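The block underneath contains the structure these notes are about, expressed in structure tokens.
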Amino acid sequence: MAKNIQAIRGMNDILPTQSPAWQYVEGVIRQVAAQYTYQEIRMPVLESTDLFKRSIGEVTDIVEKEMYTFDDRNGDSLTLRPEGTASCVRAGNEHGLLYNQTQRLWYMGPMFRHERPQKGRYRQFHQFGIEAFGMEGPDIDAEVILLSARLWQAFGISDQVELQLNSLASNEARARYREALREFLRAHEASLDEDSKRRLDTNVLRVLDSKSPETQAVLADAPRLSDYWDDESRAHFDGLCARLDAAGVKYVLNERLVRGLDYYNRTVFEWVTTELGAQGTVCAGGRYDGLVEQLGGKATPAVGFAMGIERLVLLLESQGLVPEHTLCDIYVIAATEAAELTAPAVAEQIRSARPELKVQLHSGTQNMKKKLAKADKSGATYALLVRDTDFELKHLRDRSAEPRMLASISEL
């Protein structure tokens with residue numbers, strides 16, 4: 001017997017029993033994005049490797065360790081997309097969507113990173129992303145955060161998530177802070193974890209993200225990024241906070257929040273939860289004003305976020321907030337031999353007359369007891385027994401209900 005072929009580790013099937021939860025989440029996301037007049041864009045999962053090296057940064061964990069990269073038959077280096085923003089900017093530049101224009105875009109689909117699979121984090125994972133281009137004020141930063149807050153409201157989990165907020169300021173201010181932080185950490189290098197020591201010369205801001213208790217103890221006395229903000233960055237951040245305050249959105253200022261990608265500037269934010277253990281971030285984003293120009297376009301302000309669908313589904317399931325899914329409303333059964341020929345047509349008539357109903361037609365020639373058992377197992381609310389000239393409607397969920405005799409399907 002041939003050996004069964006299994007899915008690649010970290011790349012999971014979404015089974016029929018699981019897909020209703022995903023469909024529910026995706027449906028709410030589409031509805032909220034439309035409320036804010038964001039338009040869908042769909043990008044390929046395969047891109048030039050250089051796109052991600054130039055945007056994410058060559059010394060980030062994603063580029064150094066996690067990308068699925070290979071040479072194709074022409075010798076070109078290609079990569080399965082590890083995130084969506086760079087692809088969205090590439091598409092916007094390529095198709096002339098960004099220069100001297102404003103765009104509100106969203107996308108949803110699979111991303112790929114070769115990291116250790118764990119609950120809520122897989123090698124093929126799915127993200128919903130929002131990207132807004134051509135608007136430089138704090139009002140658009142507030143809008144994308146308010147959009148994410150409305151999603152939590154729609155899902156009923158506003159009390160399960162916390163908004164953490166920070167500003168990385170301008171490139172110039174961040175460069176001054178980077179040097180001050182590096183100088184401080186050099187003086188305490190012996191107490192840092194190995195990853196943080198390596199990042200001193202490559203991406204020193206990521207040291208702020210360290211999970212090492214020893215490194216975090218050192219950072220308690222480190223210089224604060226807010227002390228290096230320029231006036232314009234401070235005014236932008238104050239404007240954002242004022243708008244969130246006016247909208248009643250609560251947030252926590254977190255000066256250690258730097259995000260893991262090189263392209264961020266000014267506003268950065270994360271929505272976190274304590275309901276998923278270590279995998280607490282369910283949505284993250286910020287402003288990336290230099291990325292469009294960095295990838296070959298004209299200078300264009302931009303802001304956005306990405307949300308992990310797997311983690312969101314887990315969170316909703318853990319709170320019992322995924323609505324019950326009904327696979328079948330009416331199970332149609334031929335009750336006579338003559339009805340074997342007419343039952344399919346009856347099922348079609350119901351689908352035409354009542355398109356909101358889910359109708360399943362019995363297949364096979366079992367006796368009536370087995371047919372009714374199949375109807376019950378389907379989860380249907382009703383079984384419709386098709387006779388020669390009339391119909392019998394049996395309530396499968398209310399055993400005490402008397403069967404109803406119908407002269408036509410219009411009486412359903």
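Everything quoted here is computed from the prediction, not taken from an experiment.
- Between the side chain of Arg198 and the backbone N or O of Glu194 there is no donor-acceptor pair closer than 3.5 Å.
- Atom CE of Met111 is separated from atom CD of Glu66 by 14.5 Å, given to the nearest 0.5 angstrom.
- Distance check, rounded to the nearest 0.5 Å: CZ of Arg178 to CZ of Arg174 gives 6.0 Å.
- By the 4.5 Å heavy-atom criterion applied to side chains, Asp289 and Glu136 are not counted as neighbours.
- The main-chain N or O of Val272 is never found under 3.5 Å from a side-chain atom of Glu270 such that the two would form a donor-acceptor pair.
- Within a 6.0 Å sphere centred on CD of Gln366, other residues, nucleotides and ligands contribute more than 12 heavy atoms.
- The minimum heavy-atom distance linking Gln103 with Met135 is given by the pair O-CE, 3.9 Å.
- In this structure, the side chain of Lys298 does not engage the main chain of Leu98 through any donor-acceptor pair within 3.5 Å.
- Closest approach of Ala180 and Pro223 over heavy atoms only: O-CG, 4.0 Å.
- Met108 pairs with exactly one of Glu40, Arg30, Gln127, His126 by the side chain to side chain contact (heavy atoms under 4.5 Å, CB included) rule, that one being Arg30.
- More than 12 heavy atoms of other residues, nucleotides or ligands lie within 6.0 Å of CD in Glu340, so this atom counts as buried by the packing criterion.
- Put simply, the side chain of Val144 does not reach to within 4.5 Å of the side chain of Tyr36, judged on heavy atoms.
- Residues Gln124 and Tyr68 bring no donor and acceptor atom of their side chains to less than 3.5 Å of each other.
- Of all non-hydrogen atoms in Tyr38 and Ala132, the two that sit nearest each other are OH-CB, 3.9 Å.
- In this structure, Lys250 does not pair ionically with Asp245, as no charged nitrogen and carboxylate oxygen lie closer than 4.0 Å.
- Atom CZ of Phe269 sits about 11.5 Å away from atom OG1 of Thr281, to the nearest 0.5 Å.
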Legend entry - Val25 vs Leu316, side-chain contact (heavy atoms from CB on, under 4.5 Å): CA-CA, chis, key distance, verdict: CA-CA 9 Å; Val25 167; Leu316 293 174; 3.5 Å; yes
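- With contacts defined as side-chain heavy-atom distances shorter than 4.5 Å, the pair Arg9/Arg123 qualifies.
- One distance of note links OG of Ser233 with OH of Tyr228; it measures 15.0 Å at 0.5 Å rounding.
- Interatomic distance, Leu314 CG to Ile309 CD1, rounded to the nearest 0.5 Å: 11.5 Å.
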Inset, instruction - Give the intermediate values and the outcome of side-chain contact (heavy atoms from CB on, under 4.5 Å) for residues Thr85 and Ser55. - result: CA-CA 9 Å; Thr85 299; Ser55 59; over 6 Å; no
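- Using a distance-only test at 3.5 Å, with no hydrogens or angles considered, no donor-acceptor pair links the side chain of Asn74 to the main chain of Asp76.
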Scan the side chains in residues 320-332 for donor-acceptor partners under 3.5 Å anywhere in the protein, sequence neighbours excluded, and list what turns up.
residue : atom : partner : partner atom : Å
Asp329  : OD2  : Lys358  : N            : 2.8
Tyr331  : OH   : His362  : ND1          : 2.7

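- A donor atom on one side chain and an acceptor atom on the other are found under 3.5 Å apart for Glu47 and Ser87.
- The main-chain N or O of Phe52 is never found under 3.5 Å from a side-chain atom of Arg81 such that the two would form a donor-acceptor pair.
- When every heavy atom of Phe155 is checked against every heavy atom of Leu312, the shortest pair comes out as CE1-CD2, 3.7 Å.
- There is no side-chain donor-acceptor pair under 3.5 Å between Asn93 and Arg90.
- By the 4.5 Å heavy-atom criterion applied to side chains, Leu151 and Met307 are counted as neighbours.
- Counting heavy atoms from C-beta outward, Leu163 and Leu244 have side chains that approach closer than 4.5 Å.
- Annotation for Gly96 and Gln101: closest pair O-NE2, 2.7 Å, computed over non-hydrogen atoms.
- With rounding to the nearest 0.5 angstrom, the CZ atom of Arg104 is 13.5 Å from the CD atom of Glu131.
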Inset, instruction - Give the C-alpha distance, both sets of side-chain angles, the deciding distance and a yes or no for side-chain contact (heavy atoms from CB on, under 4.5 Å) between Leu291 and Thr300. - result: CA-CA 8 Å; Leu291 185 58; Thr300 303; over 6 Å; no
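- Panel note: side chain Trp271, backbone Trp152; no donor-acceptor pair is recorded below 3.5 Å.
- Glu348 has a carboxylate O that lies under 4.0 Å from a charged side-chain N of Arg351, or vice versa, which qualifies the two as a salt bridge.
- The pair Glu143-Arg150 fails the salt-bridge criterion, with no side-chain N (NZ, NE, NH1 or NH2) lying under 4.0 Å from an Asp/Glu carboxylate O.
- Atom CZ of Arg116 has 12 or fewer heavy atoms from other residues, nucleotides or ligands within 6.0 Å.
- Considering only heavy atoms from C-beta on, Ile157 stays 4.5 Å or farther from Thr273 through its side chain.
- Counting non-hydrogen atoms of neighbouring residues, nucleotides and ligands closer than 6.0 angstrom, the CD atom of Glu183 reaches no more than 12 such neighbours.
- Contact of the Leu165 side chain with the Leu257 side chain is not registered, since no non-hydrogen atoms from C-beta on lie closer than 4.5 Å.
- Side-chain contact check for Asp72 versus Leu46: every heavy-atom pair is 4.5 Å or farther apart.
- The nearest pair of heavy atoms linking Asp230 to Ala169 is OD1-CB, 4.1 Å.
- At distances below 3.5 Å, at least one donor-acceptor pair connects side-chain atoms of Thr49 with backbone N or O atoms of Ser77.
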Legend entry - Verdict with reasoning, Tyr382 to Asp398, per side-chain contact (heavy atoms from CB on, under 4.5 Å): CA-CA 9 Å; Tyr382 296 96; Asp398 182 358; over 6 Å; no
Inset, instruction - Mind running salt bridge (charged side-chain N to carboxylate O under 4.0 Å, His left out) on Arg266 and Glu232 for me, showing each step along the way? - result: CA-CA 10 Å; Arg266 288 193 180 171; Glu232 191 176 347; 3.1 Å; yes
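- Around the CG atom of Asp71, the shell of radius 6.0 Å holds more than 12 heavy atoms that belong to other residues, nucleotides or ligands.
- For Ile8, the CD1 atom sits in a loose shell: 12 or fewer heavy atoms of surrounding residues, nucleotides or ligands are nearer than 6.0 Å.
- At most 12 non-hydrogen atoms from other residues, nucleotides or ligands lie less than 6.0 angstrom from CD of Gln6.
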